[in-house]
Amino acid sequence: MAERKAALKRAPDRPELHARLEQAKNVVMTDEQILEQRASFAYGNAPRGSRITKESAKEAAGHIRIRNPA
């Protein structure tokens with residue numbers, strides 16, 4: 001039980017982190033940035049030894065269509 005007690009403490013106040021999170025709420029990403037992030041996520045989560053490359057992840061990310069919310 002001793003290992004769990006540290007996790008029960010309240011996190012320290014981090015004003016710089018809170019300020020950055022507030023700034024991030026107002027960021028509007030371009031379609032190009034979203035595409036790049038989608039490809040990066042796919043490549044970063046690919047299993048080791050797979051044939052997925054950065055280039056193939058970018059190509060696949062370009063084929064994904066997301067509908068705008070109604």
Side-chain angles (χ1 to χ4, degrees):
M1 181 90 175
E3 297 86 21
R4 289 188 188 175
K5 287 186 181 180
L8 297 176
K9 292 181 184 176
R10 188 171 185 89
D13 190 33
R14 298 181 187 138
E16 185 179 326
L17 175 62
H18 292 297
R20 288 182 183 213
L21 288 172
E22 287 302 316
Q23 284 178 330
K25 288 180 183 180
N26 299 319
V27 172
V28 178
M29 293 178 63
T30 65
D31 289 342
E32 186 177 306
Q33 289 172 320
I34 293 171
L35 181 67
E36 184 65 34
Q37 193 167 46
R38 196 179 297 152
S40 176
F41 179 83
Y43 178 71
N45 286 289
R48 285 187 186 252
S50 70
R51 297 183 339 201
I52 297 173
T53 64
K54 285 183 182 181
E55 203 54 44
S56 68
K58 268 188 177 180
E59 185 178 332
H63 296 292
I64 298 172
R65 283 187 256 152
I66 298 178
R67 290 183 15 200
N68 288 334

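Along the sequence shown, the residues carry numbers beginning at 1. This structure is a prediction, so every number in the text was calculated from the model and none was measured. Quick note: numbers below take in every heavy atom, side chains included, and nothing from hydrogens, waters or symmetry partners.
Residue pairs meeting the salt bridge (Lys or Arg N to Asp or Glu O under 4.0 Å) criterion with at least one partner in residues 16-37, sequence neighbours excluded, are E16-R20, E22-K25, E36-K58.
Scanning both residues, V28 and Q33, for their nearest heavy atoms gives O-OE1, 4.2 Å. Here the shortest heavy-atom pairing between R38 and A61 reads NH1-O, 3.4 Å. Nearest approach of A57 to A39, heavy atoms of both residues: CB-O, 3.6 Å.
Atoms CD and NE2, on E59 and H63 in that order, are 4.5 Å from each other to the nearest 0.5 Å.
Under a 4.5 Å side-chain heavy-atom cut-off, the cluster of Ile, Leu, Val, Met, Phe, Trp and Tyr residues that includes I52 is completed by Y43. Counting side-chain heavy-atom gaps under 4.5 Å among Ile, Leu, Val, Met, Phe, Trp and Tyr, the cluster of L21 also holds L17.
In this structure, Q37 places its CD atom where only 12 or fewer heavy-atom neighbours from other residues, nucleotides or ligands lie under 6.0 Å away.
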